[in-house]
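This report concerns only the one structure given below.
First the proteins, then the strands, lettered A, B, ... as listed; each starts at 1.
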2 protein chains.
Amino acid sequence: MASTSSLTLSQALLARAISHHHGSNPSSSDCVVSLSPHSIPTFSGLKSSQSKPSTRVLHRRRKFAESNCQIRASVTGTPTAVKTTEISLVEKSVNTIRFLAIDAVEKANSGHPGLPMGCAPMGHILYDEIMRYNPKNPNWFNRDRFVLSAGHGCMLQYALLHLAGYDSVKEEDLKEFRQWGSKTPGHPENFETPGCEVTTGPLGQGIANAVGLALAEKHLAARFNKPDNEIVDHYTYAILGDGCQMEGISNEACSLAGHWGLGKLIAFYDDNHISIDGDTQIAFTETVETRFEGLGWHVILVKNGNTGYDEIRAAIEEAKTVKDKPTLIKVTTTIGFGSPNKANSYSVHGSALGAKEVDATRKNLGWPYEPFHVPEDVKKHWSRHVPNGAALEAAWNAKFAEYGKKYKDEYAELKSIISGELPAGWDKALPTYTPESPADATRNLSQQCLNALAKVLPGFLGGSADLASSNMTLLKMFGDFQKNTPEERNVRFGVREHGMGAISNGIARHSPGLIPYCATFFVFTDYMRAAIRISALSESGVIYVMTHDSIGLGEDGPTHQPIEHLASFRAMPNILMLRPADGNETAGAYKVAVLNRKRPSILALSRQKLPNLPGTSVEGVEKGGYTITDNSSGNKPDVILIGTGSELEIAAKAAEELRKEGKAVRVVSFVSWELFHEQSDAYKESVLPAAVSARVSIEAGSTFGWEKIIGSKGKAIGIDRFGASAPAGRIYKEYGLTAEAVIAAAKELI
Amino acid sequence: MASTSSLTLSQALLARAISHHHGSNPSSSDCVVSLSPHSIPTFSGLKSSQSKPSTRVLHRRRKFAESNCQIRASVTGTPTAVKTTEISLVEKSVNTIRFLAIDAVEKANSGHPGLPMGCAPMGHILYDEIMRYNPKNPNWFNRDRFVLSAGHGCMLQYALLHLAGYDSVKEEDLKEFRQWGSKTPGHPENFETPGCEVTTGPLGQGIANAVGLALAEKHLAARFNKPDNEIVDHYTYAILGDGCQMEGISNEACSLAGHWGLGKLIAFYDDNHISIDGDTQIAFTETVETRFEGLGWHVILVKNGNTGYDEIRAAIEEAKTVKDKPTLIKVTTTIGFGSPNKANSYSVHGSALGAKEVDATRKNLGWPYEPFHVPEDVKKHWSRHVPNGAALEAAWNAKFAEYGKKYKDEYAELKSIISGELPAGWDKALPTYTPESPADATRNLSQQCLNALAKVLPGFLGGSADLASSNMTLLKMFGDFQKNTPEERNVRFGVREHGMGAISNGIARHSPGLIPYCATFFVFTDYMRAAIRISALSESGVIYVMTHDSIGLGEDGPTHQPIEHLASFRAMPNILMLRPADGNETAGAYKVAVLNRKRPSILALSRQKLPNLPGTSVEGVEKGGYTITDNSSGNKPDVILIGTGSELEIAAKAAEELRKEGKAVRVVSFVSWELFHEQSDAYKESVLPAAVSARVSIEAGSTFGWEKIIGSKGKAIGIDRFGASAPAGRIYKEYGLTAEAVIAAAKELI
């Protein structure tokens with residue numbers, strides 16, 4: 001069994017892949033479709049600069065594949081004989097993109113040149129011919145959106161932004177690729193580089209973001225467009241690679257895109273047969289186009305993504321005619337196109353080419369320029385995008401002014417969505433409670449807040465991953481966002497948590513005033529954690545409504561009971577983990593969540609009923625931790641009892657008993673550690689005086705991290721094992737989450 | 001926009017769904033395919049017990065759908081007129097399963113009756129007619145495996161285990177469904193209920209586990225079967241629902257199953273059109289069969305899953321003839337079949353029927369028995385499985401003994417895989433290092449360990465999610481596990497982290513001696529966290545090889561740099577989070593990981609080179625935290641410096657400097673908090689004496705939780721924000737992860 005080395009197998013598979021990908025009865029043009037100029041229908045600018053890679057790549061392929069292809073003898077030539085003036089401007093622009101990527105990766109000695117070299121043609125066509133944008137205002141509302149889901153190829157996007165005239169990517173930024181403090185990090189980051197819509201790199205996130213962007217466009221267009229004024233009208237484009245296609249999240253999001261009929265979503269699938277481990281044949285032999293047909297997409301094949309400009313153009317044109325389905329354009333490309341020795345291999349995926357191969361590629365593509373040089377004619381050609389973009393925006397601004405005259409209410413709403421300015425007094429809509437209000441589950445109280453907010457926040461929309469009736473997330477005044485009712489605001493995500501999170505990120509990133517919420521059981525944040533992390537990193541203020549937040553859900557058992565989840569999010573940067581205890585705290589949590597537009601919030605909510613406690617408040621929640629009751633004086637209680645969410649009630653009960661015995665007891669609600677951490681030292685001391693080391697915490701979750709709050713002498717009551725299937729009350733008792741346990745712990749410390 | 005209530009929309013969609021699902025030109029039998037006895041080809045045992053649900057359900061459908069169906073006048077009758085003796089035994093057995101589920105959920109007043117009522121026919125056929133198992137030895141190696149991926153329907157499986165004679169589910173266990181300490185928890189848990197192969201409930205996990213089980217069978221069969229003795233030979237069956245189908249993980253796993261050609265995997269898709277939020281039309285309109293054809297599966301449609309027994313039987317037979325592809329049998333069923341008022345609605349999905357509806361269902365299906373009663377003839381019919389199962393196992397044991405006589409080496413290997421007994425002295429194979437050994441990345445040192453273990457552990461296999469060359473996980477002595485080379489041990493998962501984790505769980509659960517490892521970048525544990533949690537919960541000793549474990553990966557930037565991940569796993573129950581610092585610690589981590597067969601391990605490994613430090617050891621790792629160097633005496637150092645992984649080197653450097661200044665400094669490696677926690681108090685005191693409060697920790701990750709180790713007076717140096725894209729050294733410096741920072745912190749404390 002040791003005789004088959006994996007290298008050998010990979011080679012064999014590569015061979016099979018190549019013969020497969022090029023058809024079982026290959027003609028010359030089929031076989032070398034990406035290489036022979038004669039197979040390109042209308043574009044005539046190609047000269048012998050194409051010839052060198054053709055022959056070399058084919059030699060490599062033949063070595064592996066014993067291909068049946070007939071290689072045209074005419075496809076030869078020496079690059080040195082080519083004058084660059086003979087190369088058409090499109091070709092030259094495409095090569096400019098390739099070399100900006102090659103040079104930046106080379107200078108950084110780090111990065112992914114392969115994708116930009118292969119995808120430069122579609123990138124060029126999109127940014128130079130198709131997309132509507134204004135380089136000097138990357139936030140122009142009605143711009144076409146572009147998402148590079150295969151984020152490792154970010155030099156493609158940086159090169160395009162540079163050529164298009166965005167201020168975020170100047171020549172010096174390209175030279176600082178992947179360096180400390182630069183605007184050109186190793187993967188696209190919206191918060192670093194204006195012009196990048198979203199943050200990608202973790203595969204599959206980007207295409208799901210694109211679905212969210214397209215959803216936002218469809219929703220806003222349906223709500224605001226008028227027969228005489230289609231004020232919302234843009235496309236969403238994406239490029240995804242083999243890696244994105246393999247990730248489950250992309251199937252989730254694309255299934256929804258098909259279901260919703262997002263006709264203005266056009267995704268390019270860069271089908272280059274290579275992923276990091278080698279040929280995709282070793283792990284990815286499904287028929288992607290068949291799967292996408294099953295998902296309800298329109299699918300177009302572009303056989304020659306390397307030089308088939310007209311094929312690409314025609315595909316986009318066709319995609320635009322299909323209004324009721326998203327389109328996948330499967331574009332067959334050669335990764336690292338132009339590199340004579342590394343094209344079509346994994347070695348060009350994620351490493352610099354190396355000086356020698358950069359030289360060889362320059363020779364091969366007939367590129368005589370210095371690193372980072374943009375030829376004057378290319379520069380001149382692209383320079384029109386700055387005035388054109390300004391004109392596009394000006395025309396739209398005029399149109400919007402016109403809109404404002406005729407449709408005042410809609411104008412005000414849309415303007416608030418565009419600007420992100422919250423309507424004055426919006427938070428007054430949030431419900432208030434007293435201790436006399438009936439006990440209720442925080443998931444139900446959350447529903448009251450959601451419905452209150454939907455009335456006052458024009459950009460508020462969202463839904464659940466098939467748990468609307470458990471998460472209590474339906475907006476009663478609205479119907480379902482569906483293919484034919486896109487103006488509605490209840491989004492039905494199906495059982496697709498990961499896709500839901502990333503789609504919500506896309507919605508949030510579409511416009512500052514769109515405030516998406518999404519919901520599932522708290523334990524299933526595990527399914528969507530990668531998307532939640534991107535919310536935090538990309539400063540997208542998604543609101544995560546996470547119910548059934550502990551063993552308190554009872555019988556469903558340990559697979560459904562979160563334990564470590566609170567701790568796991570408290571450890572994550574730039575996210576608010578909120579665990580409200582009752583009505584006022586739930587309202588407070590929503591106030592905080594809505595205000596934090598650059599920081600996502602997770603609300604952990606109970607399935608079970610909880611009383612409205614004396615002393616809780618919205619203002620308290622805003623401080624993260626605060627005293628709800630206290631019978632001590634001089635900031636010197638005998639003991640401090642600290643609880644969160646459903647356990648605050650237990651702490652309050654224990655305090656009552658202890659006070660009956662004459663103890664001075666403070667009860668502190670610790671609804672958000674992050675917010676408490678941001679308070680002044682004086683405030684912190686007023687809640688948790690350093691002199692009081694007798695502290696008991698109770699929370700139906702891991703005790704991990706609680707030492708920070710209770711100190712080394714305190715006692716943390718929590719759960720450091722998995723849950724159990726039984727009625728909730730029984731589990732609480734068996735797990736020792738009781739007032740008695742709190743009292744006993746307190747007495748040990750006093 | 002407020003006029004369309006979501007309820008109304010849902011109703012409209014339900015109507016559309018029903019007419020769609022039953023064809024655009026429905027004939028009578030198409031329309032009522034699940035209900036009319038005349039549409040059932042060969043099964044003749046159905047009497048008028050079927051009639052009542054037919055008419056009632058049809059009435060409900062007509063109300064919504066204005067169906068064009070012709071309802072047969074003959075389909076009427078009164079259930080009271082039916083004698084149960086007229087109902088065939090199969091039908092009676094199927095109804096027994098239905099009522100065991102109904103009664104258990106009713107008694108618990110909690111659970112999911114809908115799926116068991118709809119899937120009872122396929123469940124019956126599998127456990128009574130098709131599957132080979134031994135009820136008295138649920139661990140018999142060569143048994144057919146069954147996975148209920150739609151785990152909420154667990155009463156289906158408990159009822160089947162009960163009828164088949166498993167000791168784990170007696171009548172009293174059924175009566176204790178979802179109660180404290182019972183063997184019948186709210187979702188299937190392998191560690192609670194022998195006979196349940198895996199732990200399901202979180203949707204999509206089960207089908208991926210099933211792929212792992214089928215992979216294990218194919219691998220072991222290829223390795224051990226001989227032309228005259230096919231000693232490994234079983235099928236893997238699964239039932240998955242709409243929810244499983246929507247989850248991305250199932251697409252990942254099923255894409256791999258198709259790629260690998262797992263012909264002995266047969267999955268039933270319970271196509272009942274209902275999920276928690278109502279009709280699947282609101283979020284799930286893709287064509288599943290087309291998608292599965294794209295994934296390379298054989299697809300069979302069973303139109304009548306409610307009573308079409310012969311259809312189901314024929315589908316299984318057909319599936320078995322297809323050897324080179326897994327099979328999806330899409331079975332259209334009615335959720336809650338038999339309930340006159342709740343069938344085909346979400347209300348029967350996840351709640352008890354209620355006493356009134358239980359009565360109505362009893363009348364409707366002609367079921368005169370007490371709750372939990374198994375009719376004598378049904379009991380008698382099923383009683384053959386105990387002797388039959390014993391005979392099956394005995395025959396196999398004889399065959400295995402025969403095998404052992406002819407194929408001694410293979411017998412010993414397979415026996416070790418079956419028993420889980422590790423070969424004596426296996427750990428001697430692990431490499432050892434001295435401070436003179438060249439500096440190396442722990443990912444490379446990990447590769448040395450993996451390759452050493454592969455030589456001595458017959459059940460060791462695994463791979464990476466398309467990062468084998470970055471994670472350094474290839475076993476050099478083996479080739480790739482592929483469709484036509486299943487005897488090999490390098491598994492190529494593609495970019496499918498979530499599927500990878502769950503498939504690894506399936507492999508681990510197949511046989512005690514199978515030790516799967518799987519790999520990706522540490523940050524992408526976010527993609528697979530739900531599967532990792534199931535490893536921990538289900539006591540599956542998967543080894544997670546997670547490289548690029550900090551900002552030390554450099555230029556790829558914050559999307560790729562883990563921060564909160566160490567803390568997030570330290571908070572998770574029953575998992576070992578190991579972060580080795582050098583060669584000896586990496587070997588120690590593998591020793592611990594291999595020994596912990598009921599607890600998964602995560603190894604966080606560096607991309608960057610690290611020196612082999614004096615004082616590190618395998619034995620130290622086994623204790624979780626230990627002193628590597630110390631120049632103090634009497635257990636009273638001036639300061640304790642604590643590091644993990646790549647930062648232990650920094651702590652050691654800082655100690656050197658401090659010692660030069662005359663300080664007594666202890667350096668402690670804290671490679672696994674969980675293991676340290678398990679040590680005696682005396683040992684803990686010997687490493688971290690209570691009297692020494694001057695403690696400084698350094699770790700390139702969140703400081704969350706470190707107070708537990710360093711106490712309230714200690715200082716934690718770490719990272720509480722996202723990373724950055726730049727060369728690693730620069731980020732370390734900018735983020736203050738330096739020996740200078742440790743020295744400064746120490747001096748403040750001394």
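The minimum heavy-atom distance linking A:Ala571 with B:Phe704 is given by the pair CB-CB, 3.8 Å. A:Arg291 and B:Leu295 make their closest contact through CD-CD2, 3.9 Å (heavy atoms, listed as atom of the first residue, atom of the second, distance). In terms of heavy atoms, A:His560 sits closest to B:Pro202 at CE1-N, 4.2 Å. Of all heavy-atom pairs spanning A:Pro558 and B:Leu537, the tightest one is CB-CD1, 3.8 Å.
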Between A:Trp706 and B:Glu707, is the side chain to side chain contact (heavy atoms under 4.5 Å, CB included) condition met? List the steps.
CA-CA 8 Å; A:Trp706 271 101; B:Glu707 286 83 3; over 6 Å; no
Check step by step if side chain to side chain contact (heavy atoms under 4.5 Å, CB included) holds for B:Asn574 and A:Arg721.
CA-CA 7 Å; B:Asn574 199 46; A:Arg721 56 168 166 154; over 6 Å; no
From CA spacing to verdict: side chain to side chain contact (heavy atoms under 4.5 Å, CB included), B:Tyr527, A:Glu247
CA-CA 9 Å; B:Tyr527 274 69; A:Glu247 291 286 4; 3.4 Å; yes
CA sep, side-chain torsions, deciding dist, call: A:Glu564, B:Arg570, salt bridge (Lys or Arg N to Asp or Glu O under 4.0 Å):
CA-CA 9 Å; A:Glu564 68 280 14; B:Arg570 286 173 186 152; over 6 Å; no
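The parts of B:His259 that come within reach of chain A are both its backbone and its side chain, each placing non-hydrogen atoms under 4.5 angstrom from that chain. Neither the backbone nor the side chain of B:Ala253 comes within contact range of chain A, judged by heavy atoms closer than 4.5 Å. For a residue to count as touching a neighbouring chain, one of its non-hydrogen atoms must lie under 4.5 Å from one of that chain's; by this rule B:Glu189 touches chain A with the side chain only. Contacts of B:Ser469 with chain A are made by both backbone and side-chain atoms, with heavy-atom separations under 4.5 Å. Of the atoms belonging to A:Ala531, not a single heavy atom falls under 4.5 Å from chain B. In this structure, the portions of B:Ile563 lying under 4.5 Å from any heavy atom of chain A include both its backbone and its side chain. Interface remark: B:His112 contributes side-chain atoms only to the contact with chain A (heavy atom separation under 4.5 Å). Proximity to chain B (any heavy atom under 4.5 Å) is shown, for A:Ser725, by both the backbone and the side chain. Interface residue B:Pro562: only backbone heavy atoms are found under 4.5 Å from chain A. When heavy atoms are compared at a cutoff of 4.5 Å, B:Phe493 approaches chain A solely by way of its backbone atoms N, CA, C and O. When heavy atoms are compared at a cutoff of 4.5 Å, A:Trp673 approaches chain B solely by way of its side chain, counted from C-beta outward. Heavy-atom distances place no part of A:Ser250 under 4.5 Å from chain B, backbone and side chain included. Only the side chain of A:Leu256 comes within contact range of chain B, judged by heavy atoms closer than 4.5 Å. B:Phe284 touches chain A through backbone and side chain together, each having a heavy atom under 4.5 Å away. For A:Ser275, the parts lying near chain B are the backbone and the side chain together; criterion is any non-hydrogen pair under 4.5 Å. With a threshold of 4.5 angstrom between heavy atoms, A:Ala724 approaches chain B through side-chain atoms but not through N, CA, C or O. Contact of A:His565 with chain B is made through the side chain alone, with heavy-atom distances under 4.5 Å. Proximity to chain A (any heavy atom under 4.5 Å) is restricted, for B:Thr199, to the side chain, taken from C-beta onward. Looking at A:Val523, the atoms closer than 4.5 Å to chain B (heavy atoms on both sides) all sit in the side chain, from C-beta outward.
Of the residues considered (A:Gly705, A:Ala530, A:Gly186), A:Ala530 shows the highest number of contacts with chain B, using heavy-atom pairs under 4.5 Å. Most heavy-atom pairs under 4.5 Å with chain B, from the set A:Glu497, A:Glu555, A:His498: that is A:Glu555. Comparing B:Met246, B:Lys713, B:Gln205 by how many heavy-atom pairs each has under 4.5 Å with chain A, the most go to B:Met246. Across B:Gly243, B:Gly296, B:Gly557, the residue that shares the most heavy-atom pairs under 4.5 angstrom with chain A is B:Gly243. The greatest number of non-hydrogen atom pairs below 4.5 Å with chain A, out of B:Gly294, B:Pro573, B:Ala726, is found for B:Pro573. Of the listed residues (B:Gly711, B:Cys244, B:Ala536), the greatest number of heavy-atom pairs within a distance under 4.5 Å of chain A belongs to B:Ala536. Of the listed residues (B:Glu734, B:Arg533, B:His152, B:Lys708), the one with the most heavy-atom contacts under 4.5 Å to chain A is B:Arg533. Options A:Trp297, A:Phe177, A:Phe524, A:Trp180 differ in how many heavy-atom pairs under 4.5 Å they form with chain B, and the most are formed by A:Trp180. Between chain A and the residues B:Val288, B:Thr703, B:Thr559, B:Ile731, the largest count of heavy-atom pairs under 4.5 Å involves B:Thr559.
In this structure, the separation between CG on A:Asp720 and NE2 on B:His677 is 7.0 Å, given to the nearest 0.5 Å. In this structure, A:Thr525 OG1 and B:Arg529 CZ are separated by 7.5 Å, a value rounded to the nearest 0.5 Å. Atom CH2 of A:Trp260 and atom OG1 of B:Thr285 lie 10.5 Å apart (nearest 0.5 Å). Expressed to the nearest 0.5 Å, how far CD1 of B:Ile249 lies from CG of A:Asn251 amounts to 12.5 Å. Taking CG of B:Asp242 as the start and CG of A:Asp466 as the end, the distance is 9.0 Å to the nearest 0.5 Å. The CZ atom of B:Phe292 sits 14.0 Å away from the OG1 atom of A:Thr290 when rounded to the nearest 0.5 Å.
Counted by atom type alone, B:Glu286 and A:Ser255 present one or more donor-acceptor pairs between their side chains at under 3.5 Å.
A donor-acceptor pair under 3.5 Å is formed between the side chain of A:Glu252 and the backbone N or O of B:Gly248. Listed for the A:Arg496 side chain is a donor-acceptor partner under 3.5 Å among the backbone atoms of B:Ala283. Under the 3.5 Å distance criterion, the side-chain polar atoms of A:His187 are matched with a main-chain donor or acceptor of B:Asp556.
A:Ser693 meets the side-chain hydrogen bond (donor to acceptor under 3.5 Å, both in side chains) test with no other residue; sequence neighbours excluded.
Shown here is B:Phe722, whose CZ atom has more than 12 heavy atoms of other residues, nucleotides or ligands within 6.0 Å. Heavy atoms from other residues, nucleotides or ligands lying under 6.0 Å from NZ of A:Lys483 number more than 12.
Between B:Met572 and A:Ser568, the closest side-chain pair of non-hydrogen atoms is not below 4.5 Å. You'll find the side chain of A:Pro727 reaches within 4.5 Å of the side chain of B:Gln179, heavy atoms only.
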